[in-house]
Amino acid sequence: MTEKDVYILGIESSCDETAASVVKNGREVLSNVISTQIPIHRKFGGVVPEIASRKHIEHIMPVMNKALTDAHVTLDQVDAIAVTYGPGLVGALLVGLSAAKALAFALDKPLIGVNHLEGHVFANFLSGENLEPPFLALVVSGGHTSLLIVEDYNTFKLLGQTRDDAAGEAFDKIARFMGLPYPGGPEIEKLAATGNPDSIEFPKPMLPGTFDFSFSGLKSAVINYIHGMEQRGETINKADVAASFQKTIVAVLVEKSKQAIKETGLKEIVLAGGVSANKNLQDALAKGAATVGAKLVHPTKILCTDNAVMIATRGYYMFKHGDRSAYTLNAEPALKLGEK
Amino acid sequence: MLTLGIDTATKVCTIALIDKEKILAAYEINMGMTHSEGLVPQMDQLFQRTGIAKKDLELIAVSRGPGSFTGLRIGLATAEAMAYGLQIPMIAVSTLEVLAYNLPVDNILLAPVLDAQKGNYYVALYEWHKGELQEVAPVTIMPGKELYGFLEQYNKETVLLGECDKLIIPENENISLAPLWNRLPRGSAVALLGEKLHKAGGDMDYFGTEPFYIRKSEAEELWDKKQQKK
Ligand SMILES: [Zn+2]
């Protein structure tokens with residue numbers, strides 16, 4: 001007898017995208033609706049929390065409805081509602097969370113609170129690579145830089161994380177400092193493509209003996225370099241700065257990942273989080289991993305940035321595991337990987 | 001008409017079930033707990049205790065503001081998703097009118113106020129006439145210290161309601177504060193007001209209804225100011 005199909009409605013509102021999705025059996029995407037606010041926040045140079053929350057409440061129900069309509073799935077057919085409860089902006093999280101809780105309550109459906117970072121890791125199950133645990137994961141986003149072992153669908157072991165700025169945060173801050181539009185990460189990558197990555201030597205923060213990261217020193221070095229040039233009245237080749245900075249940060253991420261592969265003997269490493277869309281990082285990590293006998297898996301482009309597919313997928317495995325959240329579930333803006 | 005009323009505009013988390021103007025059940029908590037943690041469990045208990053089935057609900061009414069932005073969004077997202085899930089109409093009502101429902105007495109000027117941060121208040125004026133609530137002055141934002149002068153010009157017996165405990169009101173035979181136990185929003189009033197508006201055809205779309213913020217976000221206000229200077 002075949003098992004009954006499981007339909008999970010995923011909801012995501014942790015930052016500047018309102019998203020909903022229906023995923024069947026954890027791996028089949030039936031719909032993926034994302035309402036992005038990036039153009040709205042651009043003039044402010046970054047996400048304004050109050051504006052983000054206002055946009056979420058405007059869009060949450062239409063987005064959720066479209067996800068169900070696109071999937072041709074009725075509310076009755078939905079087996080559980082999975083929702084991001086952290087980390088993220090508290091006011092933003094609360095919109096999606098409140099709607100998810102109310103819907104679960106109204107329909108007596110299970111509620112499953114999902115860790116957004118675990119969602120990013122699980123986006124890799126939809127990369128079409130038939131990925132199965134155990135594997136390594138490198139999570140790189142605006143708020144996080146972590147290396148972890150995904151031992152099975154419900155067990156994650158943190159190897160190391162950033163002690164100060166996250167990689168994505170360094171990208172964003174440097175971009176802002178160079179006057180590039182928000183979001184800064186993709187802008188740096190674009191600019192770097194035309195620059196010489198070997199033109200400027202920035203310090204490479206390796207923190208030997210641990211899997212931890214530290215990028216605030218590198219960020220300061222880049223800012224100091226630009227300041228120094230400005231003071232001396234020299235013209236700055238922004239493309240060279242971007243390329244050299246990107247090369248340094250990617251080198252650290254790849255080096256640490258290679259060490260982790262060697263130490264754990266795992267044969268696969270996945271990329272997760274907003275910065276996983278960076279082509280430069282993808283290529284360097286694929287090459288680096290290959291030199292130590294491992295393969296890189298990364299999410300498809302649409303699933304690199306925030307979305308609800310990854311929340312529904314993570315929710316599916318939690319559902320199977322018997323995880324359920326109480327109606328008292330609150331937003332956890334500083335939730336860490338592997339935390340409940 | 002079986003109606004659920006929800007108000008999370010202030011620190012009070014208050015919900016009620018009414019039918020034909022009769023309050024069947026109400027659950028109100030004012031101890032500074034978060035609405036996010038409390039609202040749905042509170043509803044769960046209300047339905048369990050009354051034995052009323054959620055699917056028998058006919059209308060959901062929610063307090064739309066003004067009030068705490070985050071609180072309003074929690075209430076509205078909850079009301080919208082419930083109405084959507086149950087496929088029933090939803091209506092959002094003014095929090096200031098909800099407050100005026102606490103004192104349905106003719107010929108008294110009612111001044112419900114809500115904290116608008118940084119010493120400012122949202123205020124509107126109402127009067128009851130033979131069971132009908134009438135608006136005397138529409139909602140505005142003003143500094144707390146101007147409120148007294150604003151009310152005095154009406155030269156009428158006035159009662160302040162809402163978040164007025166930080167206001168300094170000089171001794172005046174015309175102006176008084178509603179008693180503490182009658183000052184804050186009630187889910188039952190939200191439901192009563194909602195039912196009335198619903199019957200008058202005032203339903204709202206649960207797609208895209210926004211809280212009644214009255215003003216733009218601080219970031220947008222600053223941005224507008226910068227643009228004017230240019
Ligand atoms: Zn993310």
Side-chain angles (χ1 to χ4, degrees), chain A residues 9 11 13 18 20 35 40-41 43-66 68 74-76 78 81 83 85 89-109 111 325-332, chain B residues 4 6 8 33-47 53-55 57 60 62 64-65 68-88 90 92 204-211 213 215-224 226-227:
Chain A
L9 171 64
I11 297 169
S13 70
T18 319
S35 165
I40 294 156
H41 296 285
K43 70 176 182 186
F44 301 103
V47 180
V48 181
E50 173 59 21
I51 297 175
S53 303
R54 288 184 180 205
K55 290 293 151 192
H56 284 308
I57 188 77
E58 218 181 302
H59 294 294
I60 187 76
M61 295 313 297
V63 162
M64 205 193 281
N65 184 55
K66 189 169 188 319
L68 289 160
T74 63
L75 277 172
D76 279 347
V78 169
I81 295 153
V83 62
Y85 74 104
L89 301 167
V90 65
L93 287 164
L94 283 172
V95 174
L97 182 58
S98 300
K101 284 206 275 188
L103 194 62
F105 171 65
L107 301 171
D108 289 312
K109 304 267 185 194
L111 172 76
S325 298
Y327 293 138
T328 48
L329 183 67
N330 202 357
E332 298 289 348
Chain B
L4 170 69
I6 300 170
T8 50
M33 282 113 156
T34 65
H35 296 322
S36 166
E37 279 174 272
L39 181 56
V40 178
Q42 219 164 303
M43 293 199 294
D44 195 23
Q45 285 174 36
L46 198 74
F47 280 98
K54 284 171 274 187
K55 64 167 176 43
L57 266 185
I60 293 179
V62 62
R64 189 188 185 186
S68 139
F69 296 162
T70 300
L72 294 175
R73 283 188 287 260
I74 291 173
L76 190 61
T78 304
E80 284 181 349
M82 264 193 93
Y84 174 74
L86 297 168
Q87 294 291 301
I88 56 173
M90 182 202 79
M204 275 149 182
D205 201 337
Y206 37 71
F207 294 151
T209 294
E210 288 177 70
Y213 298 113
R215 55 181 178 182
K216 290 181 177 177
S217 68
E218 227 175 312
E220 282 170 297
E221 278 176 358
L222 282 170
W223 171 268
D224 289 349
K226 255 203 268 173
Q227 298 306 301

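Computed from heavy atoms alone, side chains included, the values below leave out hydrogens, waters and symmetry copies. Proteins come first, then strands; the chains are lettered A, B, ... in the order of their sequence lines, and each starts at number 1.
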Notebook entry, point to check: Salt bridge between Arg54(A) and Glu58(A), side-chain N to carboxylate O under 4.0 Å?
Noted result: no

Item checked: Over all atoms of both residues, closest heavy-atom pair of Thr8(B) and Gly71(B) -> OG1-O, 2.8 Å

Item checked: Which atoms of Ala100(A) approach chain B - backbone, side chain, both or neither, heavy atom under 4.5 Å -> neither

Note to self: Under 4.5 Å from any heavy atom of chain A, what part of Glu220(B) do you find: side chain, backbone, both or neither?
What the structure shows: both

Note to self: Counting heavy-atom pairs under 4.5 Å with chain A, which one of Phe47(B), Trp223(B), Phe69(B) comes out on top?
What the structure shows: Trp223(B)

Next item on the list: Determine the option with the most heavy-atom pairs under 4.5 angstrom with chain B, choosing from Leu103(A), Val48(A), Val90(A).
Entry: Leu103(A)

Note to self: Heavy-atom pairs under 4.5 Å with chain A - which of Arg73(B), Glu218(B), Glu210(B), Glu37(B) has more of them than the others?
What the structure shows: Arg73(B)

Item checked: Residue Ile57(A) versus chain B: region with a heavy atom under 4.5 Å -> both

Notebook entry, point to check: Where on Ser217(B) is there a heavy atom nearer than 4.5 Å to chain A: the side chain, the backbone, both, or neither?
Noted result: both

Checklist line | Candidate pair Ile51(A) and His41(A), rule side chain to side chain contact (heavy atoms under 4.5 Å, CB included), full reasoning | finding: CA-CA 8 Å; Ile51(A) 297 175; His41(A) 296 285; 4.0 Å; yes

Check: Which one of Val63(A), Asp108(A), Ile60(A), Leu329(A) has the most heavy-atom pairs closer than 4.5 Å to chain B?
Finding: Asp108(A)

Next item on the list: Select, from Asp44(B), Leu222(B), Thr70(B), the one with the greatest count of heavy-atom pairs under 4.5 Å involving chain A.
Entry: Asp44(B)

Item checked: Structural part of Val95(A) lying under 4.5 Å from a heavy atom of chain B -> both

Next item on the list: Identify which part of Lys109(A) has an atom lying under 4.5 Å from any heavy atom of chain B, answering side chain, backbone, both or neither.
Entry: neither

Check: Taking side chain as C-beta onward, heavy atoms only, is Thr209(B) less than 4.5 Å from Val62(B)?
Finding: no

Next item on the list: Quick one: closest heavy-atom pair of Ala326(A) and Leu111(A), and the distance?
Entry: O-CD2, 3.7 Å

Next item on the list: Answer yes or no: is there a side-chain heavy-atom contact under 4.5 Å between Ser98(A) and Leu39(B)?
Entry: no

Could you list the donor-acceptor pairs under 3.5 angstrom formed between side-chain atoms of residues 75-87 of chain B and any protein atom two or more places apart in sequence or on another chain?
from: Thr78(B); atom 1: OG1; to: Ile74(B); atom 2: O; distance (Å): 2.6
from: Tyr84(B); atom 1: OH; to: Asn65(A); atom 2: OD1; distance (Å): 2.8
from: Gln87(B); atom 1: NE2; to: Tyr84(B); atom 2: O; distance (Å): 2.7

Checklist line | Atom pair CD1 (Ile6(B)) and CD (Gln42(B)), whose distance is rounded to the nearest 0.5 Å | finding: 10.0 Å

Next item on the list: Counting only heavy atoms closer than 4.5 Å, note whether Leu68(A) contacts chain B via side chain, backbone, both or neither.
Entry: side chain

